[in-house]
Amino acid sequence: MTPSPYRVMSTHKKDAHIIDLNSNQTLTAHLRRSTRPVCGDYVELDQFQNNSTRIARILPRKNHFARADRNGEPQIIAANIDCNIIVVAVQPEPTRDLINRYLVASHHCGITPLLVFNKTDLDPDFFSRTQAKYQKLGYRTFALSAKQPETVQPLLDTLHDKTSIFVGQSGVGKSSLSRIILQDDTLKTGALSQKTGKGAHVTSVTRLYRLPESNGFLIDSPGVWEYGLWRMSAQEIAAGFIDFHPFLGQCKFNDCSHLHEPDCAIRTAVKTGLIEPDRYQSYTRIVESMKHHER
Ligand SMILES: Nc1nc2c(ncn2[C@@H]2O[C@H](COP(=O)(O)OP(=O)(O)OP(=O)(O)O)[C@@H](O)[C@H]2O)c(=O)[nH]1
Ligand SMILES: [Mg+2]
Ligand SMILES: [Zn+2]
């Protein structure tokens with residue numbers, strides 16, 4: 001099957017913006033009630049005599065990225081993604097466990113995570129230890145500043161031929177980095193609130209762009225304040241902790257939650273220094289936070 005040349009750039013209440021990958025033209029297609037496309041979907045279109053266009057079918061998704069909705073169910077944000085670029089910044093400072101939650105989600109969605117530490121111009125040392133920690137775990141990391149565009153080049157070099165999405169808190173600089181990568185000054189960015197130091201939720205729609213001079217796509221998404229994981233079991237969360245992997249399957253109980261059971265290989269690994277205590281504590285907090293979804 002030849003892949004559909006139509007890809008969803010963004011969705012709105014009653015229609016979606018579509019890019020024709022052959023011609024680079026954009027068009028607007030109506031939505032049927034039964035089709036719920038998301039940014040990044042490949043679709044087939046019905047074109048009518050009166051020149052209107054409708055999405056006929058969403059092609060099967062390779063994967064999707066999601067977050068929890070109010071009921072703890074996954075809410076799909078975008079589809080067919082290779083790379084999750086998790087952006088954190090010196091200001092607003094990431095909340096506790098934010099990076100680990102994004103890493104668990106990336107693992108479950110089958111998307112390669114990249115960590116970007118932005119706004120190094122404000123404090124070059126702020127993330128040194130955190131960056132070293134995640135590098136040691138095996139993740140690709142980038143320390144950079146959107147105020148110094150040359151520092152963005154190494155990140156840009158990894159985006160060719162892929163679909164990547166910027167995720168992270170509001171105000172960390174996702175759109176500022178997108179502007180540099182896309183060479184597009186029309187993307188809106190906005191200052192942090194002076195009162196709270198938080199981002200002002202400037203980007204309101206998840207949107208796909210074609211990379212200039214390269215075969216690839218970049219998705220800029222609206223920032224969140226707290227990224228919530230949908231309902232997951234302790235075992236599913238543990239699987240998203242890469243440093244737990246060598247020990248999984250070695251606990252006394254198959255369904256060990258690694259919280260309190262006897263003969264737990266994960267807790268032993270923490271005691272013997274093979275797993276960092278702060279990663280284990282983060283794991284326990286994330287498992288605990290799932291109670292929030294219980295009704
Ligand atoms: N000092 C400094 N400021 C930056 C940097 N990157 C972004 N900013 C500023 O941070 C503010 C927020 O940037 P945005 O790019 O709008 O942030 P965002 O992540 O897209 O925010 P949302 O769209 O709300 O999710 C703006 O005032 C930017 O100019 C950086 O590397 N250094
Ligand atoms: Mg933005
Ligand atoms: Zn265990």
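As the structure lists them, so they are numbered: ligands from 1, and atoms in each ligand from 1. Residue numbers count from 1 along this sequence.
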Quick one: do K147 and D121 make a salt bridge, cutoff under 4.0 Å?
no
With a 4.0 angstrom cut-off on heavy atoms, strictly below it, pick out the residues next to ligand 1 and order them by chain and number.
N118, K119, D121, L122, S145, A146, K147, Q169, S170, G171, V172, G173, K174, S175, S176, T189, G190, A191, H201, V202, T203, P222, G223
N-O pairing of R54 and D46 below 4.0 Å
yes
Do we get R207 above Y209's six-membered ring, with its NZ or CZ under 6.0 Å from the centre and within 45° of the axis?
yes
Can you establish whether the number of heavy atoms outside E213 located under 6.0 Å from its atom CD is more than 12?
no
Counting only heavy atoms not in N254 (residues, nucleotides, ligands), do more than 12 fall under 6.0 Å from its CG?
no
With sequence neighbours left out, what residues match E236 under side chain to side chain donor-acceptor pair (under 3.5 Å)?
S233
What about F65 and Y227, are their ring centers closer than 6.0 Å?
yes
Count the heavy atoms of every other residue, nucleotide or ligand shown that sit under 6.0 Å from CZ of R61, and state whether that count exceeds 12.
yes
Is there a side-chain contact between N80 and D41 in this structure, where contact means two heavy atoms from C-beta onward sitting under 4.5 Å apart?
yes
Near the Mg ion (ligand 2), protein N/O/S count under 2.8 Å comes to 2
Classify the angle between the aromatic ring planes of Y134 and Y139 as parallel (below 30°), tilted (30 to 60°) or perpendicular (above 60°).
tilted
Under-2.8 Å protein N/O/S neighbours of the Zn ion (ligand 3), ordered by chain then residue number:
C251 SG, C256 SG, H258 ND1, C264 SG
Between I99 and V88, what is the shortest heavy-atom contact and its length?
CG1-CG1, 3.9 Å
Anything under 30° is parallel, anything over 60° is perpendicular, the rest tilted; go ahead and classify Y283 against F244.
perpendicular
With a cut-off of 6.0 Å (strictly less than), are more than 12 heavy atoms of other residues, nucleotides or ligands near CZ of R67?
no
